[in-house]
Structures are given as structure tokens and as C-alpha cells.
2 protein chains.
Amino acid sequence: MKRPTIADIALRAGVSKGAVSYALNGQPGVSEATRERIIAIAREIGFNPNSAARALSGAKAAAVGLTLSRPARILSVEPFFMGLISGFEAELASRSYALTLQLVDSPEQEVEVYRRWWGERRVDGVFVSDLRDGDVRIPVLQELQLPAVVIGGPGETGSITQVWSDDAGAVAEAVRYLSALGHRRIARVSGMAELLHTRARGQAFDEVCRTLGFESAVTVAADYTGEEGGRATRQLLMSASRPTAVIYDNDVMAVAGLSVAQEMGLRVPADLSIVAWDDSPLCRLVHPPLTALSRDIADYGAQAARQLLDAIAEKPVDDIEAAPARLTPRGSTAPPPG
Amino acid sequence: MKRPTIADIALRAGVSKGAVSYALNGQPGVSEATRERIIAIAREIGFNPNSAARALSGAKAAAVGLTLSRPARILSVEPFFMGLISGFEAELASRSYALTLQLVDSPEQEVEVYRRWWGERRVDGVFVSDLRDGDVRIPVLQELQLPAVVIGGPGETGSITQVWSDDAGAVAEAVRYLSALGHRRIARVSGMAELLHTRARGQAFDEVCRTLGFESAVTVAADYTGEEGGRATRQLLMSASRPTAVIYDNDVMAVAGLSVAQEMGLRVPADLSIVAWDDSPLCRLVHPPLTALSRDIADYGAQAARQLLDAIAEKPVDDIEAAPARLTPRGSTAPPPG
DNA sequence: CATGATCACTTTACCGGTTAAGCCACTCCG
DNA sequence: CGGAGTGGCTTAACCGGTAAAGTGATCATG
């Protein structure tokens, strides 16, 4: 039989469509015997409820959306998002929710996608990542009343809940560790300056370095790509007061930085210490393996997914603070030379 | 107004629902004046057709699916799939098709997802990647008559079209290049042996090496992860007749291999040449930058998407041979020592 | 023994689109 | 001037579910 409907089941079981619906949804209104018979028939003919029909009669679309507005060349090598997605899936799949993905070019386009998705009732909620200062997406989401969860923060998201981890604390941990090793000139290669978490990390970095009375604490802005990370590193290493340690905002840039250092004849970690943010397998793949700020990104994604599903179900939701990134020392950090 | 429907538009325009539908879909049956008025109202109140309602009344779901059955730890660092996805999106977005993504654990689970998606009419077609020998997914897709496109091949896919590139030719190009440099002992670190394209590359590799009369041409099976790539490399470099060049089945393993070689005190490319398959930014991120077999993965994905959309529209479709991977020499290849 | 409650269903309306069929006012033509 | 054809709509059925309201039989209760 070709794509059976509840009408087919009803016919076979000799009952009405309504009875089938009650039976399959575990609702009262049918006897246990009938329910079992109907479920058996459904299984036998391989019935799956038509999601469109279900969504149409008031129910949910059983899908959530994720838009990514970073260029493909960044996404392809950036392990963060796939980790996040695998975390989403762990939660979504168990509740038969689908994940709809769309790559876009800008936050403005993201807004357009949200409007369309919601208007079409294609999704019940969305994940929002890469929060910016005065993000254009937030007011639109509120206007649409589209359930959403912001990944990363904390930021000004009004009524929209966030899942965030304590970046400031993690920065402090890394800087204190380098300080304990004896470093006094530390630099930081950041991601896109317009992203809120970049700013939060930057402020924390400046503050801790000031507190510790460092000689210098420069931040060079990059964009998460290896090219930019390499360029920023080259710039730092050529400066008069060369830093003895560099903290990178993601592991791709850290790997690129390692490569630049080696290319310039510096030994890592003897001449230069390197700390990566986010600890994908990439960090263990290079030589020396990179000291990194590790966090369980998949778990982060899973928490966000639970949060979003709760928001969709109109359960009360609060911001979640996920476990902070923890420093995982490896071979790329050591006391400074001299 | 909250999520307007065509009934709202009909009310405002003083016409029937049917007229609105005709007007918005460019069908005959309404005057130009009325059509314009209706379109203006639709735009004004921000109307988006409910995708569920549309899908329900015989039309398409306007979504396609992609399942990935590789472990998250591979997916997160493997740049191939994000590249592919960005290629899909380029085609899909322009036709307002959504991409539904699901990560699974095995081809058997993929089959389950296909059944469910198709039963629920959630997707109009699917992308199939990582084809295996006697793949369990193919007969199911044919049984379901679910439109599909196989990424990679060629394999036995019956009536399902494929988009593939000439891996055998690419292998030959890489081997001939190394041969021209003077190498006589070449090894290969492969991806999962059960994948069809791994086998195709392996056969081509063996054949070309035999033709060129190489002293040795070993293949060590790995799984696309850095760990395994590193382990395979270590194994190769410890063997009695150490190869002077290694070809890797993806760039992640190549990067790991480079790292292992350096860790073992070998200079790349002076003591060991390295060639990567697929040329993500990763290859230019390490030092020395890796010689790679480059192809335009996004374009590959775009072709597959066009193919799938044609199959969904029941247009005649043929297998597509995409541009083969081309050798991009960089700093990781040189004549062998001695 | 009439009344009410409960059970196990069936009937029906509805979600928001698409589309075949029907209808009315005009025009055109022999 | 009657009849056919056509343009521009309206009406109504349908897609496949969900859920409120209705029905008839059984059973308990005062």
C-alpha cells in the first residue's frame, strides 16, 4: 500500500478515523483491545502520520530551525557548529523533531528566513547563534512571538532565553595559568569584533591582565579563519614587544598561529605559548598538541535544544548557564623564554 | 494581524479564497487588476502560505533531507560536509526549498529516517552520501519511490541518479606526480574501507602503482579521524621499507600525518612527501602547506541539489560527472631523500 | 424503573491551502 | 435575436489529520 493514512487503518480495523486517531495518540475513548488492534495494523502497514496534516490541525510543525550567517569558508573548517548540531540532534531525534538548516549571508537575511519559516509554520522555534550588539534578530523574534533560544550570551535578549557559559571566567583561568608559568606579555587573537561573546571575552581579558599588572595585553581582531588567525599572529610576532603567549578565540586560528610561529622559526612552547579556545580534535592533531579551553559543545547544544523544546511547549524557562570551559593543558604552553 | 491566511486576504480584497489562490500562484482566472490588488494586500499584511496546508493539498513539502551517519567526532572536524551543505543551500534557497538534517548512527537508522520522512511527507527527496557496497539504503529508496541523489559513486544505485567525480583519475594524477618526483615507495592512508569510494580509490591506487612498477604500494585503512590518520602514519613510518610519500583520503588525516612525521623527527617534504585529498582551508593552515587533490565541493553539492530538484519535478535526469579533483602542489611534496 | 453516568465509539467541523466544477454577465456570430 | 463561447469570478470538495459534540448501549443508583 502506498503511504497509508488513518483512513486505511480505519477501514481495515472496521472503525472510524476518529477512533484510529484516539488509539494512536494514547487518548481515552477506545478500548484497550481496539487500541492494540489498531496499533498492530498501523505497524503492519508501516503507517506514519502525515506531518503536514498534523501541523495543519492546530498541532506543531515538529521542526526547529537553525540559521548560520557565517561564510561557508568559515563554517566548513569550524568544528563548533557541527558539534552544536550533534548536540541538538541528540535531544530532537528522541522527540521526533526535525532540524531545518539554512545558511545565509547576513543577520538581515536571517530575519527574513525567520519571518518566512514562521509565516509558513515550517518551524516551531529557532536557535539563534552569534549574538551581536543590538542584534536585529531579537526584536523581530519578539514581534513574531517565535520561540527561540540564544546560544551564547549573556546579552540583551529581552524575553528570549539564553544558554551561555562563563567566557569571562574561562579567559581568567587561561590568563592566570599563563601568568603562573611566568608570562608577562600576553596577546589575544579574537573572532569577529561585532559578536557579543568576542566583546565579553575581550573585556574579561583586559581586566584580568590589568589586575595581574601585565606589561602588555594586546588583542588583535580576526575572523575565525585560519588565514586571518595566521595574519594576526604574524603581526603580533613581528611587533617590538613580542608576546610570549597568545590566546586564540577558536582552535582553527590557534592551529594557524602555531604554523606561523613555526614558519618564523619560533619553537612552541619554548619561545611561544599557545592557548586555543574550544577543544576540537584539531587541537590534538597538530604537533605539539594545543593547550585549550575545553567545553562539551554537544552537551551545550543538547541543553539549548531542551530549552527550546520547553519554550515551544510553553513551559516556564530560565536562562541556563552551562559548564564553563576548562583549561586543558597540553604541549603548547610552557614558561616563557629567558 | 497574527499569521494571516488567504481567508484574511480574501476578506480584505472582497473576493473568495479561490480567487486569492489563483492570483498568488500566477494562474489564470482573475483579472490583472484584481491580481495586483491581491498581491499588494498579501505583501502589505506579510502573508506567507502555510507550508503544511500547501503540502497537504497534494503539493510538495518543499523540503529535502540529508542524513549523515558518521560519528559526531568525525563530522565536527571534517570540512567536506559543511562544504557540501553550503553547495546544497545555494540551489535550494533560491527555490525556497528547506534542508532537513539528521545525524544518525548507522545506515540502518538512515533507512528508518527515510521511511519516516517519506511517510510523514516531510521531505520530497533525499541526498545519500557515503555509499557502501550493497548499500541497504538503495533498495529501500527504490521501494519507497523516494526521489534521491547519491553523492559520490559510481556504484550500483539502480534507478537512482548519482553525482560523482573521477576519483580513479585523481589518484592516478597524484601517484604519477609523485612518481615524476622520483618516489618509488608510496603508501596510502584510506578512509573507512566499507565505503565504496574508498574501494574505488584503492583499486585505482594499486593499479597505477603496479603499472609504474613501484617497489611498494601499501594501503593502511583508517577512518577519516585525525587519531586514526596519525596511528596509520606512525605504523607506516615505523615499517622496514618506509614509504617516501603518503597519500591521505582526507585532509584531516593528512594534517595528523604531518604532525606525526614531524614528531618522529622527519622533515616534510625533505624526508616524506604528503598529499591530502580534498583541499579545505585546513591544508593551507599548517606548515608546510599541504599538496592536495582539490575540488570544488560546494559546486559538487550545487549540482547534486539541482539533480535532486529535477528528480522531484520528475524531469529526466542522468548521472552527472562533476569536475575531477585536481592536484594542487604545495610545500608538502618534494623529491624523495637520497 | 426512570435517571444519570460512563464507555466506546461515530459524526462532524475544522486547520489553510488547491482545484474542479458551476455560475453569471458579456461579447460575438450566423 | 437566440445560442455559443469566454472572462472572472464563487462554490465546494478535498488533502489527512485532530478534537468537540453526538449517539446508543450498558450499568449503577436512588
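From a predicted model like this one, the values you see are computed outputs, not experimental measurements. So that the names make sense, note that chain A is the first sequence line, chain B the second, and so on, each numbered from 1.
Of the candidates C:dC9, D:dG17, D:dT10, D:dT10 carries the atom nearest the B:Ala19 side chain, counting heavy atoms from C-beta on. In the set C:dG16, C:dT19, D:dG17, C:dT19 carries the atom at the smallest distance from any side-chain atom of B:Ser21. Considering only the side chain of A:Ser31, C:dC9 comes nearest among C:dC9, D:dG17, D:dA20. The side chain of A:Val30 approaches C:dC9 more closely than any other nucleotide in the set C:dT18, C:dC9, D:dG16. Residue A:Leu56 places its side chain closer to C:dC15 than to any other of C:dG17, C:dC15, D:dG17.
For the OP1/OP2 pair of C:dG16 and a distance below 4.0 Å, the side-chain nitrogens and oxygens of B:Arg54 include no atom meeting the criterion. OP1 or OP2 of D:dT18 sits under 4.0 Å from a side-chain N or O of A:Asn25. Look at A:Ser16 and you'll find a side-chain N or O under 4.0 angstrom from OP1 or OP2 of C:dT10. Close to D:dA19, at under 4.0 Å from its OP1 or OP2, lies a side-chain N or O of A:Gln27.
Protein atom NZ of A:Lys17 is 9 Å distant from nucleotide atom P of D:dC15, rounded to whole Å. Protein atom OH of B:Tyr22 is 5 Å distant from nucleotide atom C1' of C:dT19, rounded to whole Å. Regarding B:Lys60, its NZ atom lies at a distance of 17 Å from the P atom of D:dC15, rounded to whole Å. Atom CD1 of A:Ile45 and atom P of D:dG16 are 13 Å apart (whole Å). Note: CD1 (A:Ile6) to P (C:dT12) measures 16 Å, nearest angstrom. Put simply, CG on A:Leu24 is 14 Å from P on C:dC9, counting in whole angstrom units. Atom CZ in B:Phe47 sits roughly 8 Å away from atom C1' in C:dG17 (whole-Å rounding). If you measure from atom CG of B:Asn50 to atom C1' of C:dG16, you get 6 Å, rounded to the nearest angstrom.
A donor and an acceptor atom, one from each side chain of B:Gln142 and B:Ser159, are located under 3.5 Å apart. Between the side chains of B:Ser69 and B:Glu110, a donor-acceptor pair is found at a separation under 3.5 Å. Of the N and O atoms on the side chains of A:Thr100 and A:Arg122, not one donor lies less than 3.5 Å from an acceptor on the other residue. In this structure, a donor-acceptor pair under 3.5 Å is absent between the side chains of B:Arg121 and A:Ser51.
Residue contacts for B:Val20: at a heavy-atom cut-off of 4.0 Å it reaches no nucleic acid atom on any strand shown. Nucleic acid contact class of A:Ser51 (heavy atoms, under 4.0 Å, all strands): none.
Residues A:Glu120 and B:Arg54 are not paired through a salt bridge, judged by the lack of any N-O separation under 4.0 Å between the basic side chain and the carboxylate.
If you find the closest nucleotide of DNA chain D to B:Arg121 and to B:Gly29, the one lying nearer the 5' end belongs to B:Gly29.
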